[in-house]
Amino acid sequence: MQSVDWLAIAPPVVVAAMALIVLVTDLFLPDRRKPLLGALTIAGLVAALALLVPLRDGDRSTFCLDAAATGPGSAGACSYTADHFALVIQALVLGGALLTALLSLGDTRKLPAGEFWFLLLSSASGAALLPAARDLATLVVALEVASLPAFALVGIKRGDRRSSEAALKFFLSSVVATAVMLLGVSFVYAATGTLHLTEIAARLDDVPGQLDTLAKAGVALTLVGFAFKTAAAPFHFWVPDTYIGAPLPIAAYLSVVGKAVGFSGLILVTVIAFPAYADVWGPALAVLAALTMTIGNVAALRQNAGRARSAVRLLAWSSVAQAGYLLVPIAAAAYSSDEHIGSTVAYALMYAVVNLGAFAVAALVARTSPGNRLTDYRGLYATRPLAALAMAFFLLCLAGLPPGIIGLFAKVTVFSAAVDAGLGWLAVVMAVNVVIALYYYLQWTATLFRAPAETPEETPAAAVLEGTSAQDAVRAPTRHGVPASLTVAIALTAAAGVVLSGAPQAVLRFAAVSLF
């Protein structure tokens, strides 16, 4: 009987257990006590984060095969490894889920609270499991546990046509991605006879000639599946409509936690399982990176400021562009050493903090302007100066401009990874895209400090045409209360961004430690 290291698997297990507790508790709570479910959710996520502390040495594994089971000369293979890489991504995922919960506390009045919190915790448990997975079966299961509840979260606004449409697009694209990925995994298994990542790497070094084409096809199809999950072009088409139709906190969750899940899985399969085929996935990821950042930035540049939900749409296209930057160090790892992966981890940490902060401010603006247009941010400094300053800081971080030093530092590390790997053409493409992104980030930042526009009050009929209900339109001008949890979310992300900007080298050092 194999022993289980319960401390190593404690973070995802605690989140999954809390999801079940919330689901059962919801059955017995009267409507007036439903806010207790949000408190239980936050408590579970905080407990899971606390359980990462005893694992900080990064030397625990469980569900392992002995050397005899894996063949002569093998040291054994494990399905779950709590190394530094896994712990850093788990901290990012659980922290992102916690901030999403804070954003959601004031916005679940019209949503089924029990189902909402259960689905959020279920998705977070799968997302926390994935970076520690070290075999393809566990990796795929964790990916689907993270994704399936997300479909329901996107479409949880009952009776909302846009939400249902977004959930359907998200579901169909993800199902296609999973099918392609499973086909690739089956090919890899057929060529190697194992699902453990380290064993796959060893056996791909000496694949029989008649199986080489099968192995290459398996590697390519597996990467295509992850390209869907990471919103890499041309597999990004689901992103804008999904973010717009989803509740705003869930859009924030997908942009950060969903992206972290996809990229951590991509790192595991490329760097650990498929190094023997770096000549296949290296050039492919480099091309995907260039396409993704270019399409994302050009689409963001074309957004109409007066269009309903144009702010969320711009953040969605910005998220696609940022995915392109995140792909660069992974592609670079195929041409040089694996240490460039630390640049992806560092960039992901920066992006998670500032993007969640930007969505938090967007949620604040949406309380008085349900249309959430870019024009609704005009003159925000006059009404909410601290929120405007925070939003300006987040946008400057995403643009890579001072005082957002952490954003500049992250982009420099990614740029250096491309140059060191000899991908000069990709570094040039990235530099051009950074300049393109400056325009729309700075334009939005300038809007925050312009004088408020003198426009007539929006009528309920006009609001309905823009996708807002008449009831919301009537209430919008008088909705001035801001939940304390939303204020805390903005304050936490802003403080983290400022601290990281003061010591940006700590991020790269932390990310480097996460891998070696």
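Every value quoted in this text rests on a predicted model; they were computed, and no experiment measured them.
- Between Trp444 and Tyr377, the ring center distance clears the sub-6.0 Å criterion.
- The backbone N or O of Arg307 lies less than 3.5 Å from a partner atom in the side chain of Ser310, making a donor-acceptor pair.
- We find the CG-OH distance between Asp5 and Tyr80 to be 9.0 Å, quoted to the nearest 0.5 Å.
- A donor-acceptor pair is defined here as one N or O able to donate and one able to accept, closer than 3.5 Å; no such pair exists between the side chain of Arg378 and the backbone of Thr375.
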Side chain to side chain contact (heavy atoms under 4.5 Å, CB included) for Arg373 and Arg309? Distances and angles first, verdict last.
CA-CA 5 Å; Arg373 307 171 190 81; Arg309 294 171 178 81; over 6 Å; no
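- Atom-to-atom distance recorded for Leu500:CG and Cys397:SG is 9.0 Å, nearest 0.5 angstrom.
- Side-chain contact of Asn433 with Thr294: a donor-acceptor pair under 3.5 Å is present, judged by distance alone.
- Of all the heavy atoms in Ala334 and Gly282, the pair that sits closest is CB-CA, 3.4 Å.
- The main-chain N or O of Leu314 is never found under 3.5 Å from a side-chain atom of Gln303 such that the two would form a donor-acceptor pair.
- With rounding to the nearest 0.5 angstrom, the CG atom of Leu45 is 5.5 Å from the CG atom of Leu121.
- Judged by distance alone, the side chain of Thr292 and the main-chain N or O of Ala321 form no donor-acceptor pair under 3.5 Å.
- Without hydrogens or angle criteria, Ser104 side chain to Thr100 main chain gives a donor-acceptor distance under 3.5 Å.
- For Ala290 against Val429, the heavy-atom pair with the smallest separation is CB-CG1, 3.9 Å.
- A donor-acceptor pair is defined here as one N or O able to donate and one able to accept, closer than 3.5 Å; such a pair exists between the side chain of Thr445 and the backbone of Tyr441.
- Between Phe237 and Phe228, the ring-plane angle classifies as perpendicular under the 30° and 60° cut-offs.
- The two residues Ala260 and Leu92 come nearest to each other via the heavy atoms CB-CD2, 3.6 Å.
- Of the charged side-chain nitrogens involved, at least one lies within less than 4.0 Å of a carboxylate oxygen, so that Asp83 and Arg134 count as a salt-bridged pair.
- When all heavy atoms are compared, the tightest approach of Leu197 to Ala133 is CD1-O, 4.1 Å.
- In this structure, Lys411 contributes its side chain and Leu398 its backbone to a donor-acceptor pair below 3.5 Å.
- Rounding to the nearest 0.5 angstrom, the gap separating the OG atom in Ser319 from the CG atom in Leu254 is 9.0 Å.
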Could you walk me through whether Trp281 and Val269 pass the side chain to side chain contact (heavy atoms under 4.5 Å, CB included) test, one step at a time?
CA-CA 10 Å; Trp281 56 261; Val269 296; over 6 Å; no
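- Under the 3.5 Å distance criterion, with hydrogens and angles disregarded, a donor-acceptor pair is assigned to the side chains of Asn297 and Tyr440.
- When every heavy atom of Ala431 is checked against every heavy atom of Phe415, the shortest pair comes out as CB-CE1, 4.3 Å.
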List the steps, then state whether side chain to side chain contact (heavy atoms under 4.5 Å, CB included) holds for Leu266 with Ile330.
CA-CA 8 Å; Leu266 186 62; Ile330 306 177; 4.0 Å; yes
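- Between Gln322 atom CD and Ser255 atom OG the span is 10.0 Å, to the nearest 0.5 Å.
- The CG atom of Leu87 sits 5.5 Å away from the CG atom of Leu55 when rounded to the nearest 0.5 Å.
- Of the possible donor and acceptor atoms, one in the side chain of Ser125 sits under 3.5 Å from a partner among the backbone N and O of Ser122.
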Does the pair Thr344 and Val414 meet the rule for a side chain to side chain contact (heavy atoms under 4.5 Å, CB included), with working shown?
CA-CA 7 Å; Thr344 290; Val414 170; over 6 Å; no
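- Every residue was checked against the salt bridge (Lys or Arg N to Asp or Glu O under 4.0 Å) condition with Arg313, not counting sequence neighbours, and none meets it.
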